[in-house]
Amino acid sequence: MDKIAIAAKASGRDAGDVTLVAVSKQQPWDPVAQVLAAGQTVFGENRVQEAQARWAERRNGVELRLIGPLQTNKAKEAVALFDVIETLDRERLAKALANEFQAQGRTLRLYVQVNTGEEPQKAGVLPAEADAFIARCRQAHGLELEGLMCIPPAEEPPGPHFALLAKIAARNGLARLSMGMSGDYETAVRFGATSVRVGSALFGARPSA
Ligand SMILES: *Cc1c(COP(=O)(O)O)cnc(C)c1O
């Protein structure tokens, strides 16, 4: 999307430094097919089953990212299907993923989700617990991490949350930041997002469930 490139340039960044993750969850196939045909290769889904139904037979040349919560009992299917999991947020899941990587001889790229707004209903590790969790993932479970992901509270300005995520990433030696959605991806790019997860701005509003 041009707006991502403009936001990147405006903050002195290269447009190529920001990956667009097209969030196809709950969308009818037609708009997704159009975006795919236009050359988009990276897609985000929030449910394992839905992603399987949609993408299992269309995996060629597509990078698939899980951006929704993952239950440990779905770890096996998730590891078999996805390229990237952006929602690693607890020790049991770290362990399950490490086991599946070994069992399937396949290693996915991983992002730790941080609950920057400390919202009780939201997934993610608390900011104060992030350093310890990252260390456990690396040391106790031998996981290589690619970056951090956050979803700021809907009713707050997102900038401080993006800044907090960037700070936690920097002090833990993580270079990638998955942050920004339809309403705030330009802000996220200014705060250093290396990928933005955009659904409705790309495909139109999701049909209400
Ligand atoms: C649905 C979703 C998005 C995309 O939201 P839009 O507002 O439609 O861009 C991004 N990230 C996550 C984690 C989501 O669940």
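Residues take their numbers from the sequence shown, with the count starting at 1. Ligands are counted one by one from 1 in listed order, and the atoms in each one are counted from 1 as well. Note that the coordinates shown come from a computational prediction; the quantities given were computed from them, not determined experimentally.
- A salt bridge is absent between E186 and K3; no separation between the charged side-chain nitrogens and carboxylate oxygens falls under 4.0 Å.
- Using a 4.0 Å cut-off between charged side-chain N and carboxylate O, D83 and R59 make a salt bridge.
- Under a cut-off of 6.0 angstrom, the local environment of CD in E144 is sparse, with at most 12 non-hydrogen atoms contributed by other residues, nucleotides or ligands.
- Using modelled atom types, one side-chain atom of R13 and one backbone atom of A193 make a donor-acceptor pair closer than 3.5 Å.
- A heavy-atom cutoff of 4.0 Å around ligand 1 is satisfied by the protein residues V23, K25, I67, M149, I151, M181, S182, R197, V198, G199, S200, R206.
- Aromatic ring orientation, W55 versus W29: perpendicular (interplanar angle above 60°, classes split at 30° and 60°).
- Between E63 and R109 there is a salt bridge, with a side-chain nitrogen of the basic residue lying less than 4.0 Å from a carboxylate oxygen of the acidic one.
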